[in-house]
2 protein chains.
Amino acid sequence: MSVTIKDIAKKAGVSYSTVSKALRNSPLVKNPTKIKIKEIAEQLGYQPNAAARSLVQKKSYTVGVIWPTVERVAPSILITKLNELLEEHSYTTLLSINKVNQAIATFNRFQVDAIIVFGEHDNVQELSLASTVPILHYGVQTWKDAPTIDVNRQYAIKLAVTHLKELGHEHIAFIGDQSKENTLQRAKLIGFLESMGINEKSEIEKLVIPTNGLELHDGYMAAKQLFERQRNISAVISGSYDLTRGILRAANEFEYDVPKDFSLVSYDNIPQSEDLHIELTTVGVPISRIASEITKCVLTMIESKEPTHSVVLEPEININESTRKI
Amino acid sequence: MSVTIKDIAKKAGVSYSTVSKALRNSPLVKNPTKIKIKEIAEQLGYQPNAAARSLVQKKSYTVGVIWPTVERVAPSILITKLNELLEEHSYTTLLSINKVNQAIATFNRFQVDAIIVFGEHDNVQELSLASTVPILHYGVQTWKDAPTIDVNRQYAIKLAVTHLKELGHEHIAFIGDQSKENTLQRAKLIGFLESMGINEKSEIEKLVIPTNGLELHDGYMAAKQLFERQRNISAVISGSYDLTRGILRAANEFEYDVPKDFSLVSYDNIPQSEDLHIELTTVGVPISRIASEITKCVLTMIESKEPTHSVVLEPEININESTRKI
DNA sequence: TTGTACGCGTTATCAT
DNA sequence: ATGATAACGCGTACAA
């Protein structure tokens with residue numbers, strides 16, 4: 001059986017409402033009493049019953065995060081960060097890997113204060129209507145009615161191209177995933193083509209190396225292919241961090257030095273974790289900023305139940321060792 | 001504001017206790033009334049308030065899963081599967097990526113009926129004591145007091161060796177991750193050495209190709225290295241599915257055919273998802289069995305609050321196209 | 001400064 | 001077959 005405030009009250013010789021006040025740090029309780037009560041609570045391993053609390057407060061201080069099937073690894077860092085931030089505002093994060101509509105139902109039953117949905121899925125607006133709780137979507141194209149947060153990936157690649165051109169580079173290649181019908185990856189390619197001013201098929205084939213996925217190995221194979229065929233490339237833009245790691249391994253095998261032999265810009269949100277022997281120049285929205293933006297947005301939605309407007313985060317460039325003047 | 005049974009009662013012109021019964025399919029309510037009430041509930045988008053329910057029932061029909069380091073695919077598939085199975089028993093799964101002790105506190109406040117902890121961490125027993133809710137650990141060495149579920153990885157590799165020897169193979173290599181101080185990976189290596197009866201350093205170096213991680217690329221590089229140096233290997237055992245994918249790619253480059261040029265056994269739990277042009281012979285405990293074992297265990301713990309005994313799952317071999325007689 | 005009483009939404013028990 | 005009512009643990013307005 002769980003320990004309740006009544007148990008504490010009995011042991012402390014006070015009424016249970018006094019205990020309640022003491023634990024909530026109310027000024028209506030004398031300090032010595034407060035300390036004594038808190039001690040007993042600690043000692044008994046008291047955990048307030050969330051069910052009872054949310055029942056009376058009509059608030060659970062909890063946000064639900066829906067994280068359905070696919071795309072698991074990438075957003076995990078984001079969710080970890082998000083979790084930390086919400087905790088700082090004394091909110092608890094609960095995750096569900098159920099199907100979206102089912103997860104929404106669950107979170108509604110648990111009276112979470114807000115729901116964050118990761119990734120794309122059908123009929124967003126329908127889902128939003130089915131919930132009494134405000135819902136925020138991340139990583140989808142801006143939707144009409146549902147509040148959404150997304151990143152301008154197209155502009156990120158544009159930033160990379162501009163930077164390289166300023167450094168004098170003209171022969172710039174792009175390595176990125178085009179294996180699936182993925183809007184997110186597609187946006188990066190479009191950003192590249194537009195800012196390079198390319199539209200001829202022959203030129204596209206020369207400068208764009210499509211990969212079959214987003215793993216390290218895909219970047220490795222693409223880079224090898226590039227190095228074998230094209231000798232006059234002076235800069236490479238990579239569509240993801242893992243691809244970049246693969247590109248660096250291939251470069252190493254060819255005994256190419258970055259940035260001496262070619263400059264490298266990586267699309268990326270996550271802080272560089274692995275030791276790559278080089279600090280990368282990256283473009284993208286740092287994951288910490290995404291997380292804090294989501295947090296801000298969610299807290300606003302919780303406070304004023306009005307629909308927040310959707311926001312598109314503008315990426316930044318982080319110039320580092322892997323690029324230099326030609 | 002959420003819709004409650006009272007709202008439904010008012011609209012249906014009955015008392016709210018009747019509504020409660022009707023929704024719970026009690027035989028104490030006439031069928032026509034029941035149908036009418038259910039219709040109204042549906043129409044109003046009613047979701048039972050989990051807080052209120054668990055308050056009175058002292059049961060939340062929820063299990064909390066703690067997943068501190070959001071890892072790779074394998075565990076996420078397991079959790080997905082687990083989620084499905086628990087759902088079939090009308091339990092809801094909630095995930096937390098918090099630190100273990102904090103997550104336990106959260107889940108206690110939410111009155112979950114049981115907690116499953118994934119992965120290794122310090123002071124298991126301490127944690128178990130801090131919880132009023134039964135805790136089950138997965139993926140750690142069996143612990144004294146805390147109930148644990150784990151897989152016998154060592155024996156899995158032994159199965160692979162035995163199978164290959166029966167097919168007439170003698171020169172068998174092992175490709176596996178040894179980059180970190182990881183007990184789980186270490187167990188596989190020990191299984192290999194023991195069942196091969198190897199202990200000389202020179203032989204170990206010849207037959208064991210250590211990798212620097214568990215990614216596809218690591219398997220690819222290791223296999224290439226193997227193929228270049230050793231010509232008389234007739235079979236390869238791989239420590240993980242991703243490594244196997246890399247090995248197959250390397251084989252493809254060398255124009256080696258599996259199983260014509262060498263047999264391949266992969267350690268693996270997950271159902272083969274990707275199209276590898278070949279059905280693999282695998283050893284390991286299928287993830288579905290792990291999931292159902294965990295489910296069984298958890299449900300037992302919930303029902304009889306007694307500590308279940310720890311269990312070690314015995315792997316099986318799944319013979320397929322990738323191995324054949326020498 | 002502390003204690004009493006009520007209500008949150010639900011289920012379960014008892015009375016009608 | 002249906003309705004009234006107590007109880008779950010907590011927070012809070014109000015009484016002492």
Side-chain angles (χ1 to χ4, degrees), chain A residues 1-38 40-41 44-62 90 105-113 132-133, chain B residues 1-38 40-41 44-62 90 92 108-113 132-133:
Chain A
M1 216 359 239
S2 240
V3 31
T4 75
I5 48 172
K6 285 185 185 170
D7 301 324
I8 300 174
K10 205 177 290 175
K11 193 151 190 179
V14 296
S15 87
Y16 64 84
S17 73
T18 307
V19 174
S20 173
K21 283 172 205 150
L23 293 177
R24 311 218 60 232
N25 242 324
S26 159
L28 300 176
V29 180
K30 258 204 300 193
N31 236 319
T33 333
K34 209 184 271 184
I35 292 174
K36 187 173 144 203
I37 290 175
K38 283 189 176 174
I40 297 180
L44 259 46
Y46 170 74
Q47 286 292 339
N49 184 321
R53 172 177 285 174
S54 86
L55 198 54
V56 55
Q57 289 195 153
K58 290 177 167 272
K59 202 158 177 332
S60 59
Y61 291 95
T62 304
S90 48
T106 301
F107 283 145
N108 271 280
R109 283 189 283 114
F110 276 88
Q111 306 270 97
V112 301
D113 300 327
T132 53
V133 175
Chain B
M1 220 355 242
S2 239
V3 29
T4 75
I5 47 172
K6 289 185 182 169
D7 300 326
I8 301 174
K10 205 176 290 174
K11 195 152 188 177
V14 295
S15 85
Y16 67 84
S17 68
T18 306
V19 174
S20 174
K21 282 173 206 149
L23 293 177
R24 311 216 62 227
N25 243 324
S26 159
L28 300 176
V29 181
K30 257 203 300 195
N31 236 319
T33 339
K34 208 185 272 187
I35 292 173
K36 188 172 142 204
I37 290 175
K38 283 189 175 175
I40 297 181
L44 259 45
Y46 170 75
Q47 286 290 341
N49 184 322
R53 171 177 287 173
S54 85
L55 197 55
V56 56
Q57 290 197 152
K58 289 177 168 275
K59 202 156 177 333
S60 59
Y61 291 96
T62 305
S90 50
T92 298
N108 271 281
R109 283 191 281 114
F110 275 87
Q111 306 268 98
V112 301
D113 300 328
T132 51
V133 174

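Naming convention: chains lettered A, B, ... in sequence-line order (proteins, then strands); numbering from 1 in each chain.
Lys6(B) is not listed as a side-chain neighbour of Val19(B), based on a closest heavy-atom distance of 4.5 Å or more. Counting only heavy atoms from C-beta outward, the side chains of Asn25(B) and Lys38(B) approach each other to under 4.5 Å. Here the side chains of Gln111(A) and Val133(A) are not in contact, with every heavy-atom distance at 4.5 Å or above. Two residues are said to be in side-chain contact when any heavy atoms from C-beta on lie closer than 4.5 Å; Asp7(B) and Tyr46(B) fail this criterion.
In terms of phosphate contacts, Ser15(B) brings no side-chain nitrogen or oxygen within less than 4.0 Å of OP1 or OP2 of dA4(D). The side chain of Arg53(B) contributes no N or O atom lying less than 4.0 Å from OP1 or OP2 of dC8(D). OP1 or OP2 of dT10(C) sits under 4.0 Å from a side-chain N or O of Tyr46(B).
Looking at Lys58(A), its side chain has no donor and acceptor atom pair within 3.5 Å of the base of dG11(D).
Using a 4.0 Å heavy-atom cutoff across all strands shown, Val29(B) reaches sugar-phosphate atoms only and no base atom. Residue contacts for Ser54(A): at a heavy-atom cut-off of 4.0 Å it reaches no nucleic acid atom on any strand shown.
Closest to the side chain of Leu55(A), from the set dG11(D), dG9(C), dA12(C), is dG9(C). The nucleotide whose nearest atom lies closest to any side-chain atom of Lys6(B) is, among dT11(C), dC10(D), dT10(C), dT10(C). Nearest to the side-chain atoms of Thr4(A) among the listed nucleotides dA6(D), dT2(D), dC10(D) stands dC10(D). The Ile5(A) side chain lies nearest to dC10(D) when the options are dC10(D), dT2(D), dA12(C).
Whole-Å rounding puts the Asn25(B) CG to dT11(C) P distance at 12 Å. A straight line from CD1 of Ile8(A) to P of dG9(D) spans 13 Å, rounded to a whole angstrom. Across the protein-nucleic acid pair, Gln47(B) atom CD and dT10(C) atom P stand 11 Å apart, rounded to whole Å. Rounded to a whole Å, the CG atom of Leu23(A) is 16 Å from the P atom of dG9(D). Atoms NZ (Lys21(A)) and C1' (dG11(D)) sit 10 Å apart, rounded to a whole Å. Rounded to whole Å, atom C1' of dC10(D) lies 12 Å from atom CD of Gln111(B). Between the CG atom of Leu28(B) and the P atom of dC14(C) there is a distance of 13 Å, given to the nearest Å. Between Tyr16(B) atom OH and dT13(C) atom P the separation is 15 Å, expressed in whole Å.
Comparing Val56(A) and Asn31(B) by the nucleotide of DNA chain D whose heavy atom lies nearest to each, the residue mapping closer to the 5' end is Asn31(B). Projected onto DNA chain C by closest heavy-atom contact, Thr33(A) and Gln57(B) fall at different nucleotides, the more 5' of which corresponds to Thr33(A). Mapping Lys30(A) and Ser17(A) onto DNA chain C by nearest heavy atom places Lys30(A) closer to the 5' end of the strand.
Within 6.0 Å of the NZ atom in Lys59(B), the count of heavy atoms belonging to other residues, nucleotides or ligands exceeds 12.
Judged purely by distance below 3.5 Å, without hydrogens or angles, the side chains of Ser15(A) and Thr18(A) pair a donor atom with an acceptor atom.
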